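Below: one structure, written as structure tokens.
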There are 2 protein chains.
Amino acid sequence: MASNETSQMLKGVLQGCLLILLDQSPSYGYAITQRLDDFGFTDVPKGTIYPLLMTMEKKGLLKSEFRESADGPKRKYYSPTTAGQTAKHKFLTEWQQLETNVTSIVNLEEHDHE
Amino acid sequence: MASNETSQMLKGVLQGCLLILLDQSPSYGYAITQRLDDFGFTDVPKGTIYPLLMTMEKKGLLKSEFRESADGPKRKYYSPTTAGQTAKHKFLTEWQQLETNVTSIVNLEEHDHE
DNA sequence: CACCTCTAGTTTGTTTTACCAACTAGAAGA
DNA sequence: TCTTCTAGTTGGTAAAACAAACTAGAGGTG
């Protein structure tokens, strides 16, 4: 739970990131948490990831399937539906827009320190 | 209210942006809404901006002062406190972190379309 | 066998924050 | 007088991240 400072800024972004990752390869909650870690999202708690996955499935963005595991309980693999892929593309353009806007404001700040 | 799609992703980001803008030059709610528009945040509703400014003042991040206006009601000018400037710097590093992380995931996606 | 650890998922409730809707009000022009 | 633009406040709602408590399987150690 190291990165709870950026917790508010995560909102909406996490869902988009999951859609991209799961579209690359279907995966399950426990593994996704570890994979997010590789991308700098250190210790996204399971209290965040599991409910999000379930909500996204309810919304019709993801579909899921249980698969047996050799060393532990069953794993619930998620992958994007067609609607999920549409949402993914929507996220990509929205993120780019947000990034552009915020960067232009942040640049104001940086030019002060020259 | 055109950009309510990105509404969730705005969370936490807006406060940081206001701190930067108000540190450049103190301003009041109505004008800030228009200024945000220049940076691509089109039509951030006043139901967002006014309560946010008040909350930030309650938190001690902003201070305010009423000034007369020649053509309308009084204007409440806001500017960052010392705590507000600290929060601004914190936002800058947190935003950079988030941007880096999301970009690395978004890049996965873009490499697929080569 | 009892206990612990790692893996894996669910559920309930809380907090933060953007936003809507309704309201008050001043100044200027038709 | 009425409308429009400017300017701010208040109350309530919805979405999303997160903590905490719970259930469980598999494997190892004392």
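Sequence lines set the chain letters: A, B, ... in the order given, protein chains first and strands last, and positions in each chain run from 1. In this text the structure is predicted, and so the values were computed from the model without any measurement.
- Checked against dC18(D), dA18(C), dT9(D), the side chain of Tyr78(B) finds its nearest nucleotide in dT9(D).
- Each of Phe66(B) and Gln15(A) lies near DNA chain D, and the nucleotide nearest Phe66(B) is the one positioned closer to the 5' end.
- The side-chain contact (heavy atoms from CB on, under 4.5 Å) search around Gln97(A) returns Asn101(A), not counting sequence neighbours.
- The two residues Ala87(A) and Leu61(A) make their nearest non-hydrogen contact at CB-CD2, 3.9 Å.
- In the set dA18(C), dT17(C), dC19(C), dC19(C) carries the atom at the smallest distance from any side-chain atom of Pro51(B).
- Between Leu53(A) atom CG and dT10(C) atom C1' the separation is 12 Å, expressed in whole Å.
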Under 3.5 Å, which N/O atoms of the protein pair with N/O atoms of nucleotides 2-8 of chain C?
unit_1, atom_1, unit_2, atom_2, d
dT7(C), OP2, Tyr30(A), OH, 2.6
dT7(C), O5', Tyr30(A), OH, 3.3
dA8(C), OP1, Tyr28(A), OH, 3.4
dA8(C), OP1, Arg75(A), NE, 2.3
dA8(C), OP1, Arg75(A), NH2, 2.5
dA8(C), OP2, Tyr28(A), OH, 3.2
dA8(C), O3', Lys74(A), O, 3.4

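- Atoms CG (Leu52(B)) and P (dT17(C)) sit 8 Å apart, rounded to a whole Å.
- For the pair Leu98(B) CG and dA16(D) P, the computed distance is 16 Å after rounding to whole Å.
- A residue-by-residue look at Ala70(A) and Gly47(A) shows that Gly47(A) has its nearest nucleotide of DNA chain D further toward the 5' end.
- A close approach under 4.0 Å does not occur between any side-chain nitrogen or oxygen of Thr48(A) and OP1 or OP2 of dA17(D).
- When rounded to the nearest whole Å, the span between CD of Gln8(B) and C1' of dA14(D) equals 8 Å.
- Salt-bridge check for Lys63(B) with Glu65(B): failed, with every basic side-chain N at 4.0 Å or more from each acidic carboxylate O.
- Taking each heavy atom of Ser27(B) and Ala31(B) in turn, the nearest pair found is OG-CB, 3.6 Å.
- Spacing between atom CE of Met56(A) and atom P of dA15(D) amounts to 15 Å, rounded to whole angstrom units.
- Set against dC20(C), dA18(C), dA19(D), the side chain of Pro45(B) has dC20(C) as its closest nucleotide.
- In this structure, the CZ atom of Phe41(A) is 13 Å from the C1' atom of dA17(D), given to the nearest Å.
- Picking from dT10(D), dC18(D), dT16(C) the nucleotide with the shortest atom distance to the side chain of Lys11(A) gives dT16(C).
- Among all heavy-atom pairs drawn from Ser64(B) and Lys76(B), the shortest one is OG-CE, 3.4 Å.
- Atom CG in Leu10(B) sits about 16 Å away from atom P in dA15(D), given to the nearest Å.
- Taking atom CG of Asp43(B) as the reference point, atom P of dA18(C) lies 16 Å away to the nearest angstrom.
- Here Ser7(A) does not reach the OP1 or OP2 of dA17(D): none of its side-chain N or O atoms lies under 4.0 Å away.
- Nearest heavy atoms, Leu36(B) versus Ile49(B): CD1-CD1, 4.0 Å.
- When each of Leu18(A), Asp38(A), Ile20(A) is paired with Ile105(B), the side-chain contact (heavy atoms from CB on, under 4.5 Å) condition holds for Ile20(A) and for no other.
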